Amino acid sequence: MSGNSAAGNRGEVRGVFIFALLATFALLSLIVVVVGARSYRMINASAEQTFVSRTGLSYLIGKVRGADAAGELEIRNENGMDVLALGQEIDGERYLTYIYCDGSQVREYFAQADLAFSPDYGEKIFEASSLRIVLVDGLLGIEIVDAGGETHTASLYLQTAKEGGA
Amino acid sequence: MMDQTMLRPPKKRGVFSPVLIEMTIIILFFALSTSVVIRLIAVASTTARQSAYESQAILAMESVAEQVKANPVGDGFCNECGARVFSVEVTDTLSVDCVVTSDDSPLQGTLYDIELTVTSPEGNVYALDAARYVPDAEEAP
């Protein structure tokens with residue numbers, strides 16, 4: 001009788017041990033998944049910020065550099081929005097590229113210069129909650145507030161500022 | 001009355017059951033793969049942080065370079081070597097060190113050499129060089 005009881009106890013201990021191993025396995029799996037998910041979220045947020053600060057600002061800087069010619073750059077205020085108007089001439093016709101932020105996205109609108117500016121037709125460039133553009137002594141300042149509220153700034157010296165570039 | 005089965009020694013049961021061995025192997029394999037995954041996550045996280053810092057540093061250096069190009073003389077204060085040295089603090093962890101030297105040797109103008117560096121908290125140094133030529137006619141009031 002006592003032999004049977006000892007064997008039963010041993011079986012129970014083994015069962016508990018196997019259950020403990022399985023529980024450890026499940027717990028560790030959960031921890032790894034949670035840590036991985038948190039890290040992924042962090043990397044994603046960081047990539048998003050980098051996209052706005054690096055890609056977005058670089059795009060705007062590139063656009064301004066391309067239009068850095070006498071009389072081709074203008075900062076307007078349309079409906080309370082800072083609008084950067086970059087001019088260019090194609091086949092004798094004058095066109096303007098408008099860059100502005102509608103409160104949720106930075107947009108670009110390309111149209112003939114004699115057409116009225118319409119913010120509804122702009123193509124989306126990237127997400128941002130505000131865009132401020134200032135020009136002081138030939139130095140163009142661009143300030144973007146991204147969707148997360150982070151502010152990114154860049155400055156750009158206009159080569160043609162003294163020739164009436166802006 | 002003793003039969004054949006009674007004479008046989010009692011059969012010993014193994015100390016480790018097959019299920020236990022299987023579980024142990026699974027746990028060991030899991031531990032091994034977890035250590036690899038955790039290391040990968042840590043490396044990815046560090047790389048993302050460094051990349052964000054690098055991008056911010058380059059943008060900050062470009063902005064400072066443009067600001068110096070707009071006004072290369074600045075406050076006009078130079079050290080004994082004739083260089084204008086200053087630092088622009090962008091964030092708590094990001095500061096752009098700038099050295100501006102002027103070269104009067106080109107005819108009819110001055111060449112300003114702008115050297116910018118950022119040292120990351122990890123000790124990495126990022127550098128950017130820029131230059132601006134200012135004709136004498138432009139500098140004259």
Side-chain angles (χ1 to χ4, degrees), chain A residues 3 7 10-11 14-15 17-22 24-29 31-58 61 64-65 135-142 150-159 161-163, chain B residues 10 13-31 33-38 40-72 88 90-91 114 130 132-135 137-138:
Chain A
R10 225 177 13 241
R14 191 172 291 146
F17 186 66
I18 289 172
F19 177 76
L21 274 175
L22 274 172
T24 313
F25 185 81
L27 191 73
L28 287 174
S29 302
I31 290 171
V32 169
V33 168
V34 168
V35 169
R38 192 176 295 172
S39 181
Y40 175 76
R41 260 205 308 273
M42 196 275 285
I43 291 168
N44 226 16
S46 167
E48 187 66 33
Q49 263 191 13
T50 308
F51 175 75
V52 172
S53 69
R54 186 79 194 139
T55 317
L57 278 172
S58 294
I61 289 170
V64 173
R65 281 200 205 283
L135 182 67
V136 182
D137 296 332
L139 191 69
L140 187 82
I142 302 171
E150 196 88 17
T151 306
H152 309 278
T153 55
S155 300
L156 182 61
Y157 172 63
L158 300 176
Q159 305 285 333
K162 288 188 171 69
E163 302 161 25
Chain B
R13 293 188 66 184
V15 180
F16 300 108
S17 75
V19 177
L20 205 60
I21 292 169
E22 192 182 330
M23 285 304 299
T24 310
I25 289 169
I26 288 171
I27 297 280
L28 280 175
F29 177 75
F30 177 77
S33 51
T34 300
S35 72
V36 172
V37 169
I38 294 274
L40 280 178
I41 289 170
V43 169
S45 176
T46 309
T47 307
R49 211 177 312 119
Q50 272 183 356
S51 154
Y53 186 87
E54 201 170 302
S55 155
Q56 207 182 357
I58 290 169
L59 204 65
M61 284 194 289
E62 281 176 358
S63 284
V64 173
E66 295 292 320
Q67 286 163 14
V68 175
K69 274 192 207 172
N71 182 16
V88 179
V90 182
T91 62
I114 306 156
R132 187 180 169 212
Y133 174 74
V134 182
E138 207 175 292

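All heavy atoms count here, side chains included; hydrogens, waters and symmetry mates do not. Order of the sequence lines fixes the chain letters, A, B, ..., with proteins taken first and strands second; residue numbering starts at 1 for each chain. Given the structure is predicted, the values throughout are model-derived calculations rather than measurements.
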Glu62(B)/Arg54(A) ion pair, N-O < 4.0 Å: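 Result for this pair is yes, salt bridge flagged.
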Part of [X] lying under 4.5 Å from any heavy atom of chain B:
X	result
Leu28(A)	both
Ser29(A)	both
Leu22(A)	both

Testing the basics here: between [X] and [Y], what is the closest heavy-atom pair and its distance to 0.1 Å?
X	Y	answer
Glu66(B)	Tyr157(A)	OE1-N, 2.6 Å
Ala154(A)	Ser63(B)	CA-OG, 3.2 Å
Ile41(B)	Gly36(A)	CD1-CA, 3.4 Å

Pairwise distance [atom1]([X]) to [atom2]([Y]) - rounded to 0.5 angstrom:
X	Y	atom1	atom2	result
Leu59(B)	Ile61(A)	CG	CD1	6.0 Å
Gln56(B)	His152(A)	CD	NE2	8.5 Å
Gln67(B)	Asp137(A)	CD	CG	12.5 Å

In terms of heavy-atom pairs under 4.5 Å with chain A, which of Ser45(B), Ala31(B), Ala60(B), Ala42(B) leads? Ser45(B)
